[in-house]
Amino acid sequence: MAHPPQDARVAELLAWYDRHRRVLPWRAPPGRRAEPYHVWLSEIMLQQTTVATVKSYFDHFVARWPRIEDLAAADLDEVLHAWQGLGYYARARNLHKCARVVAGDFTGRFPETEEALLGLPGVGPYTAAAIAAIAFDIPASPVDGNIERVVSRLRRITDPLPTGKKPIQEAARALTPQQRPGDFAQAMMDLGATVCTPKNPKCGLCPWEGACAAKAAGDADAWPARAPKKAKPTRFGVAFWIEDATGRVLLRRRPEKGLLGGMMEVPSTDWRDDPWDVQAAVAEAPVTSEDWAEKGEVRHTFTHFHLRLTVLCGGTPGGGNADGVWVHPDEFGGQALPTLMKKVVRQVLSDRAA
Ligand code: SF4
């Protein structure tokens, strides 16, 4: 049972939220519950992506697929294509899989408990808690980066992340009220995004100024603390830009599992820890060519490593029998090419224009 000072904290924050809540396309108007489809879609998009970027993608998705059944009926390719630019394509594949499960096994309605939500593809503890709280007003405690910051400062939790996640989660759970838990979760998100910012928090505008342990200690900027990051390793690969006599380029689909799974690519070797000997790498090309020419290097950074991709261009007059599709560069816009592969395309075309 919540004790009176905590009730006061909740009331202060909800009163602040009623005046200052952000208007976001996936949010319901005050006093109404949000559409579970919208909450789920926005939460999946917001993982690793900013609100400003997500807004236009969200609008595009709900205009194109107004109901979860519409998204479930779409081809995976269409979804991956619409996802282009958001990155982390496993999210898009799971999004599509989850839409099919909800549309098929749950007759288009999201299950209404945190436990059942956790059973859906691509829905982890945070997303399940967010949907439960925001769409169903269940007293769940989603802790995203914003809430992590607010709670770690309010309670001055000094354990560095990731160890600090557990005490922060426990403190967030202890704060979560039975009344208006969905608004409370969104209020904490908004407070973190607009007032309790990573640098120079605006404590003078904060409804919790008087209760905040970090403000009292004068060190709000320091929390949450983070354990030092390990340096990212560098991996190496070779990409093969192969043209037929009509200028079409060979593209193929990457395996479903793994990084950029299901996306289209200019065929490339494995990405490994040691640089490739380019002469040896041509044996990995899906077609033979007499005239391989090196066209520089493309660099890209993924979450866990840097990639350096040497680009080789070659011609094969007859088109060859390689698996994949032959596409003219003017028509690449219709292909689900991830950012890395767009860099390869730019590298080759700009070299040609120079
Ligand atoms: Fe964040 Fe300052 Fe509010 Fe504390 S008082 S929660 S540090 S904005």
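Read the numbers this way: they start at 1 and go in the same order the structure lists the ligands and their atoms. What's counted below: heavy atoms across the whole structure, side chains too, no hydrogens, waters or symmetry copies. This is a predicted model, so every value here is computed, not measured.
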Looking only at protein heavy atoms, what sits closest to atom 2 (Fe) of ligand 1 is Cys203 SG, 2.4 Å

Apply side chain to side chain contact (heavy atoms under 4.5 Å, CB included) to the pair Gln335 and Met263, showing each step before the final yes or no.
CA-CA 9 Å; Gln335 301 291 324; Met263 301 293 291; over 6 Å; no

Would you confirm whether the ring centroid of Phe240 sits within less than 6.0 angstrom of the ring centroid of Trp292?
yes

With backbone taken as N, CA, C and O and side chain as the heavy atoms from C-beta onward, which portion of Ala220 lies under 4.0 Å from ligand 1: side chain, backbone, both, or neither?
side chain

Nearest protein heavy-atom contact for atom 3 (Fe) of ligand 1: which residue, which atom, what distance?
Cys206 SG, 2.3 Å

With a 6.0 Å cut-off on ring centres, are Trp40 and Phe110 close enough?
yes

Between His60 and Phe58, ring centroids under 6.0 Å
no

Ligand 1 atoms in contact with Arg153 (distance to a heavy atom under 4.0 Å):
7 (S)

Can you tell me which residue and heavy atom of the protein come closest to atom 1 (Fe) of ligand 1, and the distance to 0.1 Å?
Cys196 SG, 2.4 Å

Those atoms of ligand 1 less than 4.0 Å from some heavy atom in Glu209:
5 (S)

Mind checking whether Phe302 and Phe305 have parallel, tilted or perpendicular rings, split at 30° and 60°?
tilted

In terms of the angle between their ring planes, are His20 and Trp16 parallel, tilted or perpendicular, with boundaries placed at 30° and 60°?
tilted

min-distance protein heavy atom vs atom 4 (Fe) of ligand 1 -> Cys212 SG, 2.3 Å

